[in-house]
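Worksheet: one structure, shown below.
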Amino acid sequence: MKERISTIIGDKESANIWMGTFHSVFARVLRTESDRINYPKNFTIYDTQDSRSVIKDVISELNLDDKVYKPASVQARISGAKNNLISPEEYRRSPDLTNEDIQAQRPMMADIYAAYNRKCYRAGAMDFDDLLFKTNELLRDFPDVLHYYQHKFQFILVDEYQDTNFSQYLIIKQLAALRENICVVGDDAQSIYAFRGANIQNILNFRRDYPEFAMYKLEQNYRSTKTIVNAANSIISKNKDQIKKTVWTDNEKGDYITLQRSLSDNDEGRYVANDIFETRMTRQAAFKDFAILYRTNAQSRSFEEALRKLNMPYRIYGGQSFYQRKEIKDLLAYFRLSANHNDDESLKRIINYPARGIGKTTVEKLIIASAKFDVPIWEVIQQPNTYPSELPSATMRKVMDFCTMIKSFTSQIETHNAFDLGQHIAQSSGLLKELHTDKTPEGVARYDNIQEILNGMKEFSDDVDPDNPEAVRTMTDFMIDIALLTDADKDDGDNDKISMMTVHAAKGLEFNYVYIVGLEENLFPSQMALHSREELEEERRLFYVALTRAKQRAVLSYAITRYRWGQLSQCEPSRFIEEIDQEYINVAAMVLPKQEPARSWNNERSNFFKGATSTAPRGNKPLTRLNTATQDDNQEVEEIAEGMEVEHARFGKGKVLKVEGKLPNTKATVYFPSAGQKELLVKFAKLKVL
DNA sequence: TGGAATGATGTTTTT
DNA sequence: CATCATTCCA
């Protein structure tokens, strides 16, 4: 969007536009105005993990049972309240909410909410929902601030308006109140965020709030072929809740939608990879023209494997984002704590990582004292006389040393650039050394990730701020809102890659060739969404979004067996497949090249296949039987012997040094040049004899 | 205190 | 199946 606007109005002008997600734009506002709401300028933003950890602490401090008060659902409940601008006090006073909680046997919810907020405040931290909640408070309680931003933002455009929640709605309403120069774009058929409080009512309110509105219906689709547009229409017409409209296109009819049935999740991966490979050749397409869309992040694995085997570049969006990886969060925790000593979550994370002799008993004592006196852990350490924690003096010394180190980082924040300080912290905290000693492939990857973020800081530091070319680009600048960054913000230069992401993440994007995979009951639509018509209709809209990402060709795919929760389960094709007008669909005969000898099928699995194929469901065209190299699945334990050369899926080639233990639990000691010596249980290790 | 061994548990979807 | 949490022992 930024690029498109730049090409129209030029880089200079477009640089002045505030553009971003609600969270990032208003995090920026809050940083500027933090003193108004009694937050430190460099407040920390707690991501979902951080905030769940705080909730866990609250639950245990209130002596509640985390089987009853499940942290995840408590978190969802608090989030829901915040998105509707309900404070803990209002929550407590609301008969409806209180009754719901009593019904659900969770009467203490309001207390958890209050304690959670208190803890976040004490830590100088905001969670994602706070960014919007506090913005609302700021604009509500400080007329001069409101006035300032009303003049600053004279024109407001909100895209994907159907996905805004009440909190966001009210921010916009306040800001637009003065001039009413506001334009919103939305499509009720693409509303897919009801689960996080998005409210379609906001679109309807618009007419009421701005009676002089003008409405433009955008019913012509410029993106997709007739086949895709019509198929999508046929899907969405199954929904009861919808604003009627007729989407049409002038584009040509185009390809049929392909329906592909696979025998397993792995076959599905291989099929899609092969199809991309072929399409790329026959249509002269680039990798970046392809997208694989799935319902849940966990589904990416089989596609990754298949694409890797064919040497095709891909990029996964979302999921475990780079910034959420453990090693990255560890390093960032040093940064965060250096910037904000009250950030208890970061402190707990790193006070003994890398290990420096501060064990859990010690941390436990500190936490108890911090709760008792209602002050951040840092204060407990700094003022042992005011807040006695009863640590033995030797331990106290270690804890003090840790704080001294952090303080030395703090003192350099404003004077050093982000990279220099980042490098220094990574080194003198011992983090780099700790990761460097880990020679497992995962360990090496972690070390590389740290290097990568340091590189990013280097780039950032060398970059000149056009507004202020003299200024040192500090760590504070770098750290701003890093919790809000997603993988989509990362750019590694080579962008000709196949995209893989959830359907949610794909909204607003488009690709020539789209594969919608895992179209199975209980997966898409999700098992969680089968309880009510409303939920199912949201899943259907999600499918609509997926299908309309495609410009030229869409491939729908499902597998009849799939590993879920580590178990093989049978799957039924998704109801959405049948809901498409069948005239647009072409059922593919599965064609896969002969497999290279398989390395990994075990007996249980291949037997299951034999049973499953005979009961092929429904009237699909006959399938070319997949040749899944069953010849190799009798690879029994006795085949592994000392001296053999073997290959492991992850560690690569290696030599068997020793075999011990009796049959099904035979253990082999294998030396891998790339990964060192490993002890592996033969029945799990899937070793391939070379 | 710290590491290894064992056991529980969880999967929607995102900022 | 992975990851985390808990437990156990040096």
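Below, chains carry the letters A, B, ... as their sequence lines are ordered, and counting in each starts from 1.
Here C/dT6 presents its C1' atom at 14 Å from CD of A/Glu364, a figure rounded to the nearest Å. Rounded to whole Å, the distance from CD1 on A/Ile192 to C1' on B/dT13 is 8 Å. With rounding to whole Å, A/Phe195 atom CZ is found 5 Å from B/dT14 atom C1'. Separating the CD atom of A/Gln527 from the P atom of B/dT13 is a distance of 13 Å, rounded to the nearest angstrom. In this structure, A/Asp66 places its CG atom 10 Å from P of B/dG10, rounding to the nearest Å. Rounded to an integer number of Å, the gap from A/Met501 CE to B/dT14 C1' is 14 Å. The interatomic distance linking A/Tyr294 (OH) with B/dT11 (P) rounds to 18 Å, in whole Å. Taking atom CG of A/Asn83 as the reference point, atom C1' of B/dT14 lies 11 Å away to the nearest angstrom.
Taking side-chain N and O atoms only, A/Lys326 has no distance below 4.0 Å to OP1 or OP2 of C/dT3. Distances shown here put a side-chain N or O of A/Asn297 below 4.0 Å from the OP1 or OP2 atom of B/dT13. For A/Asn352 and B/dG2, the shortest distance from a side-chain N or O to OP1 or OP2 is below 4.0 Å. Contact between the side-chain N/O atoms of A/Ser526 and the OP1/OP2 oxygens of B/dT11 is not found at any separation under 4.0 Å.
A/Ile377 pairs in a side chain to side chain contact (heavy atoms under 4.5 Å, CB included) with only one of the listed residues (A/Leu347, A/Val363, A/Ile351, A/Val399), which is A/Leu347.
Closest to the side chain of A/His504, from the set B/dT12, B/dT1, B/dT14, is B/dT14. With B/dG10, B/dG3, C/dA5 as the candidates, the nucleotide lying closest to the side chain of A/Lys70 is B/dG10. Side-chain proximity of A/Thr362 to the nucleotides C/dA5, B/dT14, B/dT1 is greatest for B/dT1. For A/Ala298, taking side-chain heavy atoms from C-beta onward, the closest of the listed nucleotides B/dT1, B/dT11, B/dT14 is B/dT11. If you check B/dT13, B/dT15, B/dG3 against the side chain of A/His23, the one that comes closest is B/dT15.
Looking at A/Asp127 and A/Lys82, a side-chain N of the basic residue comes within less than 4.0 Å of a carboxylate O on the acidic one, giving a salt bridge. Classification of A/Arg295 and A/Glu539 as a salt-bridged pair holds, one side-chain N sitting under 4.0 Å from a carboxylate O. Ionic pairing of A/Arg301 and A/Glu305 is present here: one or more N-O contacts between side-chain nitrogen and carboxylate oxygen are shorter than 4.0 angstrom.
Of the two residues near DNA chain B, A/Lys67 and A/Arg356, the one whose nearest nucleotide lies more 5' is A/Arg356. Residue-to-nucleotide proximity on DNA chain C shows that, of A/Lys360 and A/Arg301, the 5′-proximal contact is made by A/Arg301. The nearest heavy atom of DNA chain B to A/Ala355 and to A/Arg295 marks one nucleotide each, and the one closer to the 5' end goes with A/Ala355.
When heavy atoms are screened at a 4.0 angstrom cut-off, A/Lys398 is found touching no nucleic acid atom at all. Contacts of A/Phe22 with the nucleic acid, taken as non-hydrogen atoms under 4.0 Å apart, are absent.
A donor N or O paired with an acceptor N or O is found under 3.5 Å between the base of B/dT15 and the side-chain atoms of A/Thr48.
Looking at heavy atoms from C-beta onward, A/Ser51 lies in side-chain contact with A/Tyr116 at the 4.5 angstrom threshold.
Between A/His504 and A/Tyr193, the ring planes lie tilted relative to each other; the angle falls in the 30° to 60° range.
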